[in-house]
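This is the structure, below, for whatever I ask next.
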Amino acid sequence: MFFEDLKYKDKIIPQTILGYGPFMAELYFGHRSRLYLDDLYKNPQNIAEVIIESYNQGVRAINLVNDSNLIEAYDIARGEGCEMKVIATIGKSDVDYLNPNYEVAKEVDWEEDIELFSSYDCPVMLVDEFVTDAYDWKLTSKILTEIKNAGSLSGLVTSFPSRTTDLIPENLDMDLFDFYMIPFNSLSYMMDINAFNEAQREDFKQKLLKLNKKVIATRVLAAGVLQPKEAFSFFKKIDYIDLIVIGVAKVSEAIEDFSLLKEY
C-alpha cells in the first residue's frame, strides 16, 4: 500500500512521503518535542541517518521546508545516494503551532522558498497551513501562481480540513492547485472534527471528492497516539487518499513502520 508512483500531469510522485515533523521537533509531539530537538533537529547527521534508512526501505519522496538544519540533513543523505523527490512546503514560519499568529505567518519570505526548492527535484510545492488557514485568498492565490510559474505542481496544506474544504471553492480559483494536504487518521486527531464515526467519515469523504484534488494525508499516526498497525489498517479501508506522509524519529522506526506499510 502506497509504494507505487502517482503519475499526474507531467510529474511522477511517490505515494509514500517521509515527513519532517519529528526532524523539526514540532510542538504537537508534546514532551517528545524536546527529545526530538536535541536528538534530531540539532544533529543533522542523525536526521540524515533516518532519511537514509527510509530510502533503504523504499521511500522515494520527502516533505521539506526551508530550514537550514533540515536542508543540511537532506543534502548529507543525498551525498550518500539518497535522491528523493522533494515535496516542498512553501512559507513555513516559526509561528507557534499551538497558538499561531496568522498575520505573522503571512509575512514569511515564501519567494525565497520557491527559489530554493526549484533547485531540487521538486514535483510539488504546497502552501503552508498557517498561510492557507489565514484565509487571505489573494496572498494564497499569488503563491500558488508563482509555484506554477516555477514549474512545479501546486497545492495547499491545512490544519482545518473540514472548515477549509468548505471555504475553498467559493474563495479560490480551483485551477490554481492540484494537491491538498490534510491531517487524517482514524481518531480525527488534529482534525477539526470532534468525532469520526461512519456517518461523519462519509460526509467528509464527499467534501473531499467534491473538491476533486489529489489528497495527501499527514499525521496518519496521530502524532504517535496510534500504533502503525492500527493506523495502516484504517487506511486499507480508505479509497480517496492518494498519498501519505509518515514521520519517523529513529532508524529503527523507519525499518519497522515502512516494512509494515508494505504489508498492507
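This structure is a prediction, so every number in the text was calculated from the model and none was measured. Keep in mind that the numbers below use all heavy atoms, side chains included, and drop hydrogens, waters and symmetry copies.
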Can you tell me how far apart OG1 (Thr132) and NZ (Lys106) are? Round to the nearest 0.5 Å.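 Thr132 OG1 to Lys106 NZ: 12.0 Å, rounded to 0.5 Å.
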
Derivation of the salt bridge (charged side-chain N to carboxylate O under 4.0 Å, His left out) call for Asp239 and Lys205: CA-CA 9 Å; Asp239 61 0; Lys205 172 182 177 178; 3.6 Å; yes

How are the rings of Phe234 and Phe184 set to each other: parallel, tilted or perpendicular (split at 30° and 60°)?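 Phe234 and Phe184: tilted rings.
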
Taking a hydrophobic cluster as the set of Ile, Leu, Val, Met, Phe, Trp and Tyr residues connected by side-chain heavy atoms closer than 4.5 Å, whether directly or through intermediates, do Val86 and Leu243 fall within one such cluster?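 No; Leu243 is not reachable from Val86 via cluster members.
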
Partner residues of Thr89 under the side chain to side chain contact (heavy atoms under 4.5 Å, CB included) criterion, sequence neighbours left out: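 Thr89 satisfies side chain to side chain contact (heavy atoms under 4.5 Å, CB included) with Tyr20, Asn63, Val65, Asp128 once adjacent residues are dropped.
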
Between Met84 and Met181, is there shared hydrophobic-cluster membership here, with clusters defined by ILVMFWY side-chain heavy atoms closer than 4.5 Å?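 No; Met181 is not reachable from Met84 via cluster members.
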
Donor-acceptor under 3.5 Å (Glu170 side chain, Leu167 main chain):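 No; judged by distance alone, with no hydrogens or angles, the pair does not exist.
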
Electrostatic pair Lys237:Glu198 at N-O distance under 4.0 angstrom: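 No, Lys237 and Glu198 are not salt-bridged.
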
Set out, in order, the CA-CA distance, both residues' side-chain angles and the distance that settles side-chain hydrogen bond (donor to acceptor under 3.5 Å, both in side chains) for Ser33 and Tyr28, then state yes or no. CA-CA 8 Å; Ser33 295; Tyr28 52 73; over 6 Å; no

Which residue in the set Thr218, Ile17, Thr16 passes side-chain contact (heavy atoms from CB on, under 4.5 Å) when paired with Ile244?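 Only one of Thr218, Ile17, Thr16 forms a side-chain contact (heavy atoms from CB on, under 4.5 Å) with Ile244, namely Thr16.
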
Is it the case that the side chain of Asn171 and the backbone of Trp137 share a donor-acceptor pair, with hydrogens and angles ignored and the cut-off at 3.5 Å?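 Checked: no pair found.
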
Examine Leu35 and Met24 and state if one hydrophobic cluster contains both, with Ile, Leu, Val, Met, Phe, Trp and Tyr joined whenever side-chain heavy atoms are less than 4.5 Å apart.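 No; Met24 is not reachable from Leu35 via cluster members.
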
Could you work out, with side-chain hydrogen bond (donor to acceptor under 3.5 Å, both in side chains) as the rule, every residue matching Ser162, not counting sequence neighbours?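 Once residues adjacent in sequence are excluded, the partners of Ser162 under the side-chain hydrogen bond (donor to acceptor under 3.5 Å, both in side chains) criterion are Lys207.
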
Test Arg32 against Glu253 for salt bridge (charged side-chain N to carboxylate O under 4.0 Å, His left out), laying out the working first. CA-CA 15 Å; Arg32 283 172 293 148; Glu253 287 182 8; over 6 Å; no

Where the side chain of Asn43 meets the backbone of Asp38, is there a donor-acceptor pair that is under 3.5 Å apart?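 Confirmed, Asn43 side chain pairs with Asp38 backbone.
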
Glu115 vs Glu112, test: side chain to side chain contact (heavy atoms under 4.5 Å, CB included). Steps then yes/no. CA-CA 5 Å; Glu115 182 179 358; Glu112 178 185 335; 5.5 Å; no

Where do Phe3 and Val59 come nearest, in terms of heavy atoms and distance?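 Nearest pair, atom of Phe3 first, then Val59: CE2-N, 4.3 Å.
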
Please check this pair: side chain of Asn185 against backbone of Tyr189, looking for a donor-acceptor N/O pair closer than 3.5 Å.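 Confirmed, Asn185 side chain pairs with Tyr189 backbone.
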
Can you check whether Ile12's main-chain N or O pairs, donor with acceptor, with Asp5's side chain at less than 3.5 Å?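 No; judged by distance alone, with no hydrogens or angles, the pair does not exist.
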
Atom CG of Leu172 and atom OG1 of Thr140: how far apart are they, to the nearest 0.5 Å?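 Interatomic distance, Leu172 CG to Thr140 OG1, rounded to 0.5 Å: 6.5 Å.
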
Side chains of Phe117 and Met125: does their closest heavy-atom pair fall under 4.5 Å?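 They are in side-chain contact.
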
Can any side-chain N or O of Arg60 pair as donor or acceptor with the backbone N or O of Tyr55 at less than 3.5 Å?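 A pair under 3.5 Å: yes.
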
Beyond-backbone contact of Val248 with Ile246, side-chain heavy atoms, under 4.5 angstrom: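 In contact.
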
Stepwise side chain to side chain contact (heavy atoms under 4.5 Å, CB included) check, Leu126 with Ile87: CA-CA 8 Å; Leu126 308 165; Ile87 311 303; 3.9 Å; yes

How long is the span from the CD1 atom in Ile51 to the CG atom in Asn46, to the nearest 0.5 Å?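 Taking CD1 in Ile51 and CG in Asn46, the distance rounds to 11.0 Å.
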
Extract all donor-acceptor atom pairs below 3.5 Å that involve side chains of residues 142-158 and protein atoms in other chains or at least two apart in sequence.
{"from": "Thr145", "atom 1": "OG1", "to": "Ser141", "atom 2": "O", "distance (Å)": "2.8"}
{"from": "Lys148", "atom 1": "NZ", "to": "Asp175", "atom 2": "O", "distance (Å)": "2.9"}
{"from": "Asn149", "atom 1": "ND2", "to": "Thr145", "atom 2": "O", "distance (Å)": "3.4"}
{"from": "Ser152", "atom 1": "OG", "to": "Cys122", "atom 2": "O", "distance (Å)": "2.7"}
{"from": "Ser154", "atom 1": "OG", "to": "Leu176", "atom 2": "O", "distance (Å)": "2.5"}
{"from": "Thr158", "atom 1": "OG1", "to": "Asp133", "atom 2": "OD1", "distance (Å)": "2.7"}
{"from": "Thr158", "atom 1": "OG1", "to": "Asp133", "atom 2": "OD2", "distance (Å)": "3.4"}
{"from": "Thr158", "atom 1": "OG1", "to": "Phe160", "atom 2": "N", "distance (Å)": "3.0"}
{"from": "Thr158", "atom 1": "OG1", "to": "Thr164", "atom 2": "OG1", "distance (Å)": "2.9"}

For Lys213, what residues pass the salt bridge (Lys or Arg N to Asp or Glu O under 4.0 Å) criterion, not counting sequence neighbours?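 For Lys213, no residue satisfies salt bridge (Lys or Arg N to Asp or Glu O under 4.0 Å) once neighbours in sequence are set aside.
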
Tell me the side chain to side chain donor-acceptor pair (under 3.5 Å) pairs involving residues 117-127, sequence neighbours left out?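 Qualifying pairs, neighbours excluded: Asp75-Tyr120, Lys85-Asp121.
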
Under 3.5 Å, which donor-acceptor pairs link side chains of residues 257-264 to any protein atom two or more places apart or in another chain?
{"from": "Ser259", "atom 1": "OG", "to": "Gln57", "atom 2": "OE1", "distance (Å)": "3.1"}
{"from": "Ser259", "atom 1": "OG", "to": "Ile255", "atom 2": "O", "distance (Å)": "2.6"}
{"from": "Lys262", "atom 1": "NZ", "to": "Gln57", "atom 2": "O", "distance (Å)": "2.6"}
{"from": "Tyr264", "atom 1": "OH", "to": "Lys229", "atom 2": "O", "distance (Å)": "3.4"}
{"from": "Tyr264", "atom 1": "OH", "to": "Ser233", "atom 2": "OG", "distance (Å)": "3.3"}

Taking the ring of Phe179 and the ring of Tyr8, is the distance between their centroids below 6.0 Å?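 Ring-ring flag for Tyr8/Phe179: true, centres closer than 6.0 Å.
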
Side chain of Asn69, backbone of Pro44: donor and acceptor closer than 3.5 Å?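 Pair absent, no side-chain N/O of Asn69 close to backbone of Pro44.
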
Just by modelled atom types, is the Glu103 backbone N or O under 3.5 Å from a matching donor or acceptor in the Asn101 side chain?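 Present.
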
Using the rule that two of Ile, Leu, Val, Met, Phe, Trp, Tyr join whenever any of their side-chain heavy atoms come within less than 4.5 Å, decide whether Val220 and Leu6 are in one cluster.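 No, Val220 and Leu6 fall in different hydrophobic clusters.
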
Residue pair Met174 / Pro169: nearest heavy atoms and the distance that separates them: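 Looks like SD-CA, 3.9 Å.
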
Would you say Leu139 and Val104 are hydrophobically clustered, going by side-chain heavy atoms of ILVMFWY under 4.5 Å?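 Yes, because Leu139 and Val104 connect within a single hydrophobic cluster, where side-chain heavy atoms sit under 4.5 Å apart.
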
Quick one: are the ring centres of Tyr135 and Tyr102 less than 6.0 Å apart?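 Centroid separation for Tyr135 and Tyr102: 6.0 Å or greater.
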
Please check: side-chain N/O of Arg201 versus main-chain N/O of Phe196, any donor-acceptor pairing under 3.5 Å?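 Yes.
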
With rounding to the nearest 0.5 Å, note down the distance linking OG1 in Thr165 to NZ in Lys210.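 It is 11.5 Å, given to the nearest 0.5 Å.
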
Glu129 and Arg219 ion-paired at < 4.0 Å: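 Looking at Arg219 together with Glu129, the answer is yes, because their closest N to O distance falls below 4.0 Å.
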
Using modelled atom types and a 3.5 Å cut-off, is there a donor and acceptor pairing between side-chain atoms of Tyr36 and backbone atoms of Gly21?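 The answer is no, because no donor-acceptor pair under 3.5 Å joins these two groups.
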
Exercise: identify the closest heavy-atom pair between Leu221 and Pro228: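 That would be CD2-CA, 3.8 Å.
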
Asp178 and salt bridge (Lys or Arg N to Asp or Glu O under 4.0 Å): which partner among Lys9, Lys11, Lys214?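 For Asp178, the salt bridge (Lys or Arg N to Asp or Glu O under 4.0 Å) check succeeds only for Lys9.
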
Over all atoms of both residues, closest heavy-atom pair of Leu226 and Ser186: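 Shortest heavy-atom separation between Leu226 and Ser186 comes out as CD1-OG, 3.6 Å.
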
Please check if any side-chain donor atom of Gln206 sits under 3.5 Å from a side-chain acceptor atom of Asp203, or the reverse.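 No.
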
Any Leu64 side-chain heavy atom under 4.5 Å of Leu70 side chain: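 Yes - at least one pair of side-chain heavy atoms lies under 4.5 Å apart.
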
